[in-house]
Q: 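Submitted below is the structure of interest, expressed as structure tokens.
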Amino acid sequence: MMDDSLQRIEYDLVVIGGGTAGPMAAVTAKLRNPALKVLLLEKADVHRSGAICMGMDGLNNAVIPGHATPEQYVREITVANDGIVEQSSLLAYAERSSGMIRQLDGWGVQFQKTGSGDYDVRKVHHLGEYVLPMPQGHNVKKILYRQLKRARVEIENRYQATRLLKDADGRIAGVFAVSTRTEQTLLIKTGAVILATGAAGRLGLPASGYLFGTYENPTNSGDGHAMAYHAGAELANLECFQINPLIKDYNGPACAYVTSPLGGYTANAHGQRFIRCDYWSGQMMLEFHHELEGGNGPVFLKLDHLAEDTIAEIERVLHTNERPSRGRFHERRGTDYREQMVEMHISEIGFCSGHSASGIWIDRHGRTTVPGLYAAGDAASVPHNYMLGAFVYGAICGESAIDDLAAGRAGTPDEDEIAAEFERANQALRVADGIPPGQMEYKIRRLVNDYLQPPKITRKMQIGLERFEEIREELPGLSAADPHERLRALEVHSILDCAEMAARASLYRQESRWGLYHLRVDHPQRDDDNWFAHSMLYKDAQGRMVSRKRPVEPYVIPIEERERDAYRRLRVEVGAAH
């Protein structure tokens, strides 16, 4: 039963997530129409939240005139993602890439430049040149925060959004949220919502066993994916898991991606290069997996052949931006880039469009399939999006939401739905001596590893679904001693939803595609005749989790036959010249 802890407020636009895409969306919307009330809702603190909380060491997908064209980039990502893309969405990003870089540059974000003042773009991708280093990228969040304050965006830190509410016409009409510090709950009436909640990073369990020892920022627990699903939005290609190369025993990338332009590369235990490029793709990770399992592992990042000046530059970039604990980790382990290779491993699975292609379905305007709901960044479906894509689509969503609001406002959220969400969100606070959230989360994520980690096997995924259903029956037994544990309990709900989505989406696509990301032992071949389509997951009228195919729209940028399998030719025969 609802009580005085429910506070009702109203905003024109609510942006959920204060990492990368969210601040850009909020600033863009507020500048487009300063008269509208815009709220940025963040469950941590906008000063240091999201995947770039400690900064970033480079742009992975900078489409800059003189170095690349939008058409080249669209071809690159189409090929890297096995053809399953909406090229119009990729093109919308690519056409705005250089403008966004200039905007960020003007705000004070520092990109590496040549002596002539040109952007110092490097090559890592198989076909094109798109990597722009950011040696001073540690200040990105501070710069974003200044822009939020200048635009007069209102901010609510330490509030976790739990559900999106709709009006009688099926349009977004509200957001339910809970405080992570007090028992306060919020019902925010609004005409539009932008989801910028990041990747579902707490899905698989890291090899370390630590719940928060994830590759992704561990606050990103799939809340946005779950909220979109329960609001009726479609999610795309969730079987295309994110799996990344990591430093062994460290929750961060070894960064062959960063070091490759400087001469570093991924090598096997014999120091031999076995892939032609270090751009992260499913096929690259499959070759990594083959090397680990084929007797030539472990796999390493090889830098010990480089000159001292080069290694010093690598250390400056890798040990001061994004994950500054990396240098301390190497120091305690006794690893010196000059003398040893760095052992690598494979990360836990997750949903992330930034590094793969799974997310909440959006069109080139950032619109989901629910009126009034938009998504950007790692939570949305534009593949290989990275940080710059989050900025670009944050801006696109901010523009689209404000333009759509001008055409009409939403109605009123349903009071019965509000009451039901109040009860669900606060249930764990009322359970004494129940199941601690951390224990249930560990169980879910261990089962994800046991039954969903590629290579995928049909019967194992079916068993995984059975186990997830058993856990769902135990959700009412979750217990929270305080509002912070209520946050953790509600994250468990989202993690379980994402685990079920991962299993059902993987079972639906009966082929192998995207290299290691969706490698099905029972269906080992790519089947373009039957599965050259997006797989769309959604909640049907009976409340069931179901899937359907969505045709790939005709390409706007033709792909030459010789380019189509470029990423399937990454293998370097052992013993070949480096």
Q: So that I can tick it off, tell me whether Glu485 and Arg488 are bridged by a salt bridge, with the cut-off set at under 4.0 angstrom between side-chain N and carboxylate O.
A: no
Q: Are Glu491 and Lys43 close enough for a salt bridge, meaning some N to O gap below 4.0 Å?
A: yes
Q: Charged N to carboxylate O below 4.0 Å: is that the case for Asp12 and Lys189?
A: no
Q: With distance as the sole criterion, is a donor-acceptor pair present between the side chains of Glu239 and Ser535 under 3.5 Å?
A: yes
Q: Hey, would you say the His355 and Phe241 ring centroids sit under 6.0 Å apart?
A: no
Q: Taking 4.0 angstrom as the limit, do Arg509 and Glu511 come out as a salt bridge?
A: yes
Q: Once rounded to the nearest 0.5 Å, what's the spacing between atom CD of Glu500 and atom CD1 of Ile444?
A: 11.0 Å
Q: Between Lys166 and Glu417, does at least one N-O distance fall below 4.0 Å, as a salt bridge requires?
A: no
Q: Taking the basic N atoms (NZ, or NE/NH1/NH2) and the acidic carboxylate oxygens, is any pair closer than 4.0 Å for Glu441 and Arg202?
A: yes
Q: Honestly, is Lys456 close enough over Tyr451, meaning NZ or CZ under 6.0 Å from the six-membered ring centre and within 45° of the axis?
A: no
Q: Between Glu234 and Lys549, does any side-chain N to carboxylate O distance fall below 4.0 Å?
A: no
Q: Should Arg459 and Asp522 count as an ion pair when the cut-off is N to O under 4.0 Å?
A: no
Q: State whether the side chain of Asn251 and the backbone N or O of Thr214 hold a donor-acceptor pair below 3.5 Å, judged by distance alone.
A: yes
Q: Flag the pair Glu331 and Arg326 as a salt bridge only when some basic side-chain nitrogen lies within less than 4.0 angstrom of an acidic carboxylate oxygen.
A: no
Q: Under a 4.0 Å threshold between the charged nitrogen and the carboxylate oxygen, would Arg163 count as salt-bridged to Glu423?
A: no
Q: Centre of Phe422's six-membered ring, under 6.0 Å away, within 45 degrees of the axis: is that where NZ or CZ of Arg430 sits?
A: no
Q: Are Ser325 and Tyr250 close enough that a side-chain donor and a side-chain acceptor fall under 3.5 Å?
A: yes
Q: In Å, rounded to the nearest 0.5 Å, how long is the span from OG1 of Thr197 to NE2 of His225?
A: 6.5 Å
Q: Is a side-chain donor-acceptor pair under 3.5 Å present for Asp278 with Thr266?
A: yes
Q: Do His484 and Asp482 meet the criterion of a side-chain donor-acceptor pair at a distance under 3.5 Å?
A: no
Q: Just checking, any donor-acceptor pair under 3.5 angstrom between side chains of Glu421 and Thr162?
A: yes
Q: Hey, is the main chain of Leu429 close enough, under 3.5 Å, to the side chain of Arg486 for a donor-acceptor pair?
A: no
Q: Is a donor on one side and an acceptor on the other found under 3.5 Å between the side chain of Asn220 and the backbone of Gly201?
A: no
Q: For Arg171, is there an ion pair with Asp167 - N to carboxylate O distance below 4.0 angstrom?
A: no
Q: Do Tyr279 and His384 get their side chains close enough for a donor-acceptor pair, meaning under 3.5 Å?
A: yes
Q: Is a side-chain donor-acceptor pair under 3.5 Å present for Arg520 with Ser506?
A: no
